[in-house]
Amino acid sequence: MSTERVNPPDLSPATGFSHAVVATGTRIVFLAGQTALDADGKVVGDTLPEQFERALTSLLAALSAAGGTPADLARVTAYATDVAAYRTHAPELGRIWRELAGRDYPAMAVVEVVRLWDEEAMIELDGFAVLP
């Protein structure tokens with residue numbers, strides 16, 4: 001698999017995401033939305049960064065189980081119940097991302113939602129990856 005991150009110079013600088021990802025490979029993995037659920041199905045974490053870390057860990061675990069790595073991610077969408085809080089915590093969320101997934105950023109979007117399936121959840125991450 002190969003990926004090319006495309007960030008045209010005439011667009012706003014891409015910080016923590018890529019404007020476009022061109023991926024070639026033979027398998028596409030669609031990743032279900034992951035919140036901060038533990039193994040017992042309970043939401044864990046009292047803060048957005050804690051929940052983000054758990055959701056990202058779960059997303060990456062699903063990707064790994066399908067044979068992929070964080071560098072294979074082509075697209076991730078973050079559904080947040082409070083985009084203002086997401087922006088406030090963006091530096092910490094970025095640090096968590098880099099620690100768990102590295103610096104090969106996928107194309108990303110953050111969407112504010114009224115609530116998530118699990119009422120206590122503040123964040124949900126889904127996406128897809130392209131594997132060799």
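Note that the structure is predicted; figures quoted are calculated from it, not measured.
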Mind jotting down which residue pairs meet the salt bridge (charged side-chain N to carboxylate O under 4.0 Å, His left out) criterion with at least one end in residues 80-94? Sequence neighbours excluded, please.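 Sorted result for residues 80-94: E92-R95.
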
Could you note down all residue pairs passing salt bridge (charged side-chain N to carboxylate O under 4.0 Å, His left out) where residues 4-29 supplies at least one of them, sequence neighbours left out?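 Pairs touching residues 4-29 that pass the test: none.
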
V6: which other cluster members, linking ILVMFWY side chains closer than 4.5 Å, directly or transitively?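 Joined to V6, directly or through intermediates: V22.
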
Determine, step by step, whether L60 and L100 satisfy the side chain to side chain contact (heavy atoms under 4.5 Å, CB included) criterion, reporting the C-alpha distance in whole Å, the side-chain angles of both residues, the deciding distance to 0.1 Å, and the verdict. CA-CA 8 Å; L60 296 176; L100 297 176; 3.9 Å; yes

Evaluate the side-chain proximity of L31 to L125: yes if any heavy-atom separation is below 4.5 Å, no if none is.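 L125 does not reach L31 side chain to side chain.
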
I'd like to check I123 versus Y86 (side-chain heavy atoms, cut-off strictly below 4.5 Å). Are they in contact?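 With C-beta onward as the side chain, the pair touches.
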
After noting the C-alpha distance and the side-chain angles of V29 and F128, does the key distance pass the side chain to side chain contact (heavy atoms under 4.5 Å, CB included) rule? CA-CA 5 Å; V29 178; F128 70 90; over 6 Å; no

List in chain and number order the residues that pass side chain to side chain donor-acceptor pair (under 3.5 Å) with T88, two or more places apart in sequence or in another chain; answer none if no residue qualifies.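 Per chain and number, T88 pairs via side chain to side chain donor-acceptor pair (under 3.5 Å) with no residue.
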
Who pairs with D104 by side chain to side chain donor-acceptor pair (under 3.5 Å), at least two apart in sequence or on another chain?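 For D104, no residue satisfies side chain to side chain donor-acceptor pair (under 3.5 Å) once neighbours in sequence are set aside.
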
Looking at E119, I'd like to know if its CD atom is crowded, meaning that more than 12 non-hydrogen atoms belonging to other residues, nucleotides or ligands lie closer than 6.0 Å.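 No, the 6.0 Å shell around CD holds no more than 12 heavy atoms from other groups.
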
Going from CZ on F17 to CG on N7, what distance comes out if it is rounded to the nearest 0.5 angstrom?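 One gets 7.0 Å once the value is rounded to the nearest 0.5 Å.
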
Taking only distance into account, with no hydrogens and no angle test, what donor-acceptor pairs under 3.5 Å do side-chain atoms of residues 44-59 form with protein atoms, sequence neighbours excluded?
from : atom 1 : to   : atom 2 : distance (Å)
T47  : OG1    : E50  : N      : 3.2
T47  : OG1    : E50  : OE1    : 3.3
E50  : OE1    : D46  : N      : 2.7
E50  : OE1    : T47  : N      : 3.1
Q51  : OE1    : M122 : N      : 2.7
Q51  : NE2    : G45  : O      : 3.0
Q51  : NE2    : E120 : O      : 3.2
R54  : NE     : L37  : O      : 3.2
R54  : NH2    : L37  : O      : 3.3
T57  : OG1    : E53  : O      : 2.8
S58  : OG     : R54  : O      : 3.1

H19 (side chain) donor-acceptor with S12 (main chain) under 3.5 angstrom: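 It does hold such a pair.
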
Determine whether a donor-acceptor pair (N or O, by modelled atom type, separation under 3.5 Å) exists between the side chain of T26 and the backbone of P132.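 Checking the backbone N and O of P132 against the side chain of T26, a donor-acceptor pair under 3.5 Å is found.
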
Report the C-alpha distance between L131 and D72 in whole Å, list the side-chain angles of each, state the deciding distance to 0.1 Å, and finish with yes or no for side chain to side chain contact (heavy atoms under 4.5 Å, CB included). CA-CA 6 Å; L131 281 57; D72 297 324; 4.1 Å; yes

Taking ring-ring contact (aromatic ring centres under 6.0 Å, His included) as the test, write out the residues that go with Y79, two or more places apart.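 Partners of Y79 under the ring-ring contact (aromatic ring centres under 6.0 Å, His included) test: none.
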
What side-chain donor-acceptor pairs closer than 3.5 Å can you find for residues 105-116, not counting sequence neighbours?
from : atom 1 : to   : atom 2 : distance (Å)
E112 : OE2    : V83  : N      : 2.8
R115 : NH2    : W117 : O      : 2.8

How close do A14 and S18 get, heavy atom to heavy atom, and via which atoms?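 Heavy atoms of A14 and S18 come nearest at CB-CA, 4.4 Å.
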
With sequence neighbours excluded, give me every side-chain hydrogen bond (donor to acceptor under 3.5 Å, both in side chains) pair touching residues 30-44.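 Sorted result for residues 30-44: T35-D118.
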
